[in-house]
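Heads up: the structure comes next, in structure tokens.
Just so you know, ligand 1 is whichever comes first in the structure, and atom 1 is the first atom listed for that ligand.
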Amino acid sequence: MSERLDDLCPRPHFMKPQPTAPMTPPIYPAAVYRCADPVQAGELLTGELEGYIYRRDGQPNADMLAERLATLHGAERAVITSSGMGALALAALSQLAAGDHIVVSHQLYGRSSHLFTGELSRLGVTATQVDACDADAVRRALETPSKLVVVESLTNPLLRVADLAALAEAAHTAGARLLVDNTFAGPGVCRPLDFGADLVVESLTKIINGHGDVLLGLLCGREALWQRVPIAATTWGTSPSPFDCWLAMRGLGTMALRVDRAVANAAAAARLFAQRNEVATVAYPGLELHPDYEIAQRQFGRRGGAMICFTLKGGLPAATAFIRAGRIPFSPSLGELSTTLSHPASTSHYAVEPSLREQLGIFDGTIRLSVGIESAEFVCAAIEESLAAIV
Ligand SMILES: *Cc1c(COP(=O)(O)O)cnc(C)c1O
């Protein structure tokens with residue numbers, strides 16, 4: 001009896017060969033795989049033999065997801081990471097070394113900005129921050145020999161759209177590469193590699209998983225830049241959870257439908273904001289009055305995306321009343337099933353000095369919506385009720 005209880009080694013192939021295949025992929029939680037002999041183990045570790053041996057080096061659920069996303073982006077290579085920040089860190093750690101200079105958009109996601117201008121400076125990488133919507137400013141910054149240009153295809157919260165083709169050309173002319181964080185647009189709206197980008201990062205936590213229940217990232221791009229990616233990923237430990245990969249794969253299955261619906265809802269909501277008295281300005285790349293409308297039409301396949309940013313005339317009291325109305329959850333992320341809102345001045349941009357914040361166009365009355373997949377009537381009614389709460 002005790003011998004049977006002590007035998008804890010799993011039977012590796014307990015399942016008999018099946019004549020059918022499951023329609024849903026299995027989850028592979030194994031941290032380690034069982035090798036036949038030292039020769040095989042050696043070959044697996046050097047990569048001579050393709051196969052799994054240790055989860056930090058690679059696992060099936062991550063690879064299934066990476067393959068699908070590579071196809072979606074038209075990328076030669078793709079890797080899944082533990083978070084969007086993990087993907088940005090992996091891009092930096094695989095492409096940069098001490099002494100390198102990079103050119104970074106001044107409108108990056110807060111943590112990204114800190115990664116590229118703060119954390120990396122500790123490792124000897126210097127950065128120049130520029131307005132990515134000003135291609136001439138980017139060219140001037142590139143007069144300092146540079147390795148990487150880092151921009152977002154759609155910025156938070158003002159939803160500016162940089163001209164990726166112009167930036168790719170400027171970067172390549174200067175011998176640099178273009179890295180695009182595509183999180184706010186997502187692959188249903190923008191494929192940066194089509195416009196000459198070399199590397200793309202996405203937080204799968206947002207639109208791609210779409211259900212607010214995983215944390216994952218994607219790095220994908222050209223084969224020529226991939227040499228150091230696998231070794232950097234496994235050495236710095238950016239690997240993802242197979243459970244999260246499995247959920248994201250499921251989320252990805254409905255992404256096209258979700259994006260269609262959310263984009264249509266956002267277009268309706270943007271028109272509503274543009275007509276309302278309480279609203280001073282509305283930023284939506286699908287509206288003709290948006291400063292980057294033409295670029296967005298070209299780069300986003302005539303879609304405006306699912307994010308809207310607006311500023312209320314009544315400042316902080318108006319924003320507070322709109323939020324406290326409670327019709328739209330104040331949840332400072334994006335890409336959920338339901339419409340959510342964020343208040344940049346108190347969340348994503350709280351650390352930015354108020355005068356600089358206002359220079360960027362972020363006021364106390366500024367609210368950013370991530371439009372969900374409810375009916376358009378529901379979304380518009382929720383907005384109208386929230387506006388009605390402003391006195
Ligand atoms: C959320 C986000 C990230 C970071 O992604 P995580 O999955 O939260 O680590 C990076 N860039 C942008 C634009 C984001 O919105």
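- Looking only at distances, no side-chain donor or acceptor of T254 sits under 3.5 Å from a matching main-chain atom of L257.
- For the pair L360/H106, a side-chain contact is recorded, criterion being any heavy-atom separation below 4.5 Å from C-beta on.
- In this structure, F322 and F273 have tilted ring planes: the angle between them lies in the 30° to 60° band.
- No side-chain heavy atom of E353 sits less than 4.5 Å from a side-chain heavy atom of Q359.
- Taking the centre and axis of the six-membered ring of Y28, the NZ or CZ atom of R55 falls outside the cone set by 45° and 6.0 Å.
- Among residues two or more places apart in sequence or in another chain, the salt bridge (charged side-chain N to carboxylate O under 4.0 Å, His left out) test is passed with R160 by D292.
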Measure from every N or O atom of ligand 1 to the protein's N or O atoms and keep only the pairs below 3.5 Å, writing each with atom names and distance to 0.1 Å.
| residue | atom | partner | partner atom | Å |
| --- | --- | --- | --- | --- |
| ligand 1 | 5 (O) | S203 | OG | 3.1 |
| ligand 1 | 7 (O) | G84 | N | 2.8 |
| ligand 1 | 7 (O) | S203 | OG | 2.8 |
| ligand 1 | 7 (O) | T205 | OG1 | 2.7 |
| ligand 1 | 9 (O) | G84 | N | 3.0 |
| ligand 1 | 9 (O) | M85 | N | 2.9 |
| ligand 1 | 11 (N) | D181 | OD2 | 2.6 |
| ligand 1 | 15 (O) | K206 | NZ | 2.8 |

